[in-house]
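Just the heavy atoms: all of them, side chains too, but no hydrogens, waters or symmetry mates, feed the values below.
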Protein chains: 4
Amino acid sequence: MTDTVEIPGTRILSFIERIEQIDEELKALNEGKKDIFSEAKGEGFDVKVLREILRLRKQDQDERDEQESLLDIYLRAIQTAETVQAKAA
Amino acid sequence: MTDTVEIPGTRILSFIERIEQIDEELKALNEGKKDIFSEAKGEGFDVKVLREILRLRKQDQDERDEQESLLDIYLRAIQTAETVQAKAA
Amino acid sequence: MTDTVEIPGTRILSFIERIEQIDEELKALNEGKKDIFSEAKGEGFDVKVLREILRLRKQDQDERDEQESLLDIYLRAIQTAETVQAKAA
Amino acid sequence: MTDTVEIPGTRILSFIERIEQIDEELKALNEGKKDIFSEAKGEGFDVKVLREILRLRKQDQDERDEQESLLDIYLRAIQTAETVQAKAA
DNA sequence: AACGTTGAAATAGTTC
DNA sequence: GAACTATTTCAACGTT
């Protein structure tokens with residue numbers, strides 16, 4: 001009789017706990033990242049530069065999907081604009 | 001071939017240069033701040049204490065602003081109430 | 001000419017790749033979360049409410065952690081007091 | 001008599017107010033920046049990409065001073081490492 | 001699907 | 001040069 005009330009509760013709890021499980025794993029991974037950066041820093045590497053490299057490589061990756069990034073388009077556009085300005089000067 | 005040639009480079013460049021202009025002014029102002037602190041330090045004042053004073057005065061100001069926004073909320077609430085009453089009448 | 005050739009590229013690359021590996025796992029987990037929410041939604045549950053529950057449980061957990069750290073502080077304080085007493089004796 | 005007490009107070013206040021004046025100008029400039037980004041966004045430009053361009057141009061500027069950035073050095077190092085790995089494969 | 005809002009991550013600046 | 005603070009940036013979320 002009361003199944004229609006009870007069961008959803010366990011179902012909800014199941015979703016909640018699955019999410020919480022994932023959140024814990026996310027947290028652990030993020031701490032792992034921190035540790036790696038700390039380790040690199042401890043060996044004298046510049047963490048900010050490492051982050052920059054990661055960003056660049058990620059961009060390259062994204063571009064392979066989209067053929068051409070917005071950044072490229074914008075850069076080419078202002079390149080053209082600057083050239084025009086230079087000639088006019 | 002592509003639409004990308006349509007991107008108005010001069011417009012982008014204009015935004016970029018306006019921001020860079022502001023950034024330079026920000027930089028100049030921040031150097032001005034440093035100079036003032038140096039000057040104060042040179043006259044024997046404790047820079048850390050000066051910063052604390054600034055922080056406190058800023059807090060006071062923020063609280064005053066906060067109060068005002070609360071006031072706004074109340075005033076608006078009254079305004080709404082009056083409008084409702086007017087319609088009901 | 002420059003010292004730059006000395007930079008251990010393989011070491012840098014190792015750090016970079018370890019981070020990228022973690023980033024991929026993070027991405028996968030986040031997609032997993034989305035899937036779970038979608039699944040819940042598909043069964044008629046209100047995702048917004050689920051998020052709220054997660055938020056509340058996280059708050060409770062944080063408060064419990066907070067309490068524990070307070071406990072740590074007290075315990076350490078007692079520890080210190082005992083050490084001082086021991087030396088005085 | 002009390003000059004040695006009084007005068008520093010006005011002197012301190014002078015420093016405080018000069019700083020606060022600058023802080024206001026900083027705030028105004030920062031709001032100006034926000035407005036420009038909003039304006040650009042309103043015209044359909046991607047603010048994040050604009051930020052990226054600003055970052056790149058700033059980097060270029062910095063590099064002109066330092067001849068070669070750490071980023072370049074690291075990139076060359078991992079380039080070498082990757083080449084070695086590729087050959088070994 | 002654009003918008004502002006929020007909360008977390010990163011950066012810069014300051015202090016010790 | 002390491003930790004802490006404050007500001008800035010970024011991504012996710014809900015809203016319209």
Inset, instruction - For dA12(E), take OP1 and OP2 only and decide whether either is under 4.0 Å from a side-chain N or O of K48(A). - result: yes

Inset, instruction - Starting at atom CG of N30(C), determine the distance to atom P of dC13(F), rounded to an integer number of angstrom. - result: 8 Å

Legend entry - Atom-to-atom span, CG of L50(A) to P of dA10(E) - whole angstrom: 13 Å

Inset, instruction - State which of dC13(F), dT14(E), dT9(F) makes the closest approach to the side chain of R51(D). - result: dT9(F)

Legend entry - Between Q67(B) and R64(B), a side-chain donor and acceptor under 3.5 Å: no

Inset, instruction - Can you tell me the distance, in whole Å, between the CD atom of E52(C) and the P atom of dC13(F)? - result: 14 Å

Inset, instruction - Measure from CG on D62(B) to C1' on dA6(F) and round the result to the nearest Å. - result: 13 Å

Inset, instruction - Please report, rounded to the nearest Å, how far the P atom of dT5(F) is from the CG atom of L54(B). - result: 18 Å

Inset, instruction - Please determine if R55(C) and E52(C) form a salt bridge, counting it only when a charged side-chain N lies under 4.0 Å from a carboxylate O. - result: yes

Inset, instruction - In plain terms, say whether E20(A) and K27(A) are close enough for a salt bridge, that is, a side-chain N and a carboxylate O under 4.0 Å apart. - result: no

Inset, instruction - Round to the nearest Å and state the distance from K41(D) atom NZ to dC10(F) atom P. - result: 13 Å

Inset, instruction - Would you kindly say whether Q21(C) and E25(C) are connected by a side-chain donor-acceptor distance under 3.5 Å? - result: yes

Legend entry - Under-4.0 Å side-chain N/O to phosphate OP1/OP2 contact, R55(D) with dC10(F): yes

Legend entry - Phosphate-side-chain proximity, K58(B) and dA6(F), N/O vs OP1/OP2 below 4.0 Å: no

Inset, instruction - Could you pick out which residue, K34(A) or V47(B), lies toward the 5' side of DNA chain E when each is mapped onto its nearest nucleotide? - result: K34(A)

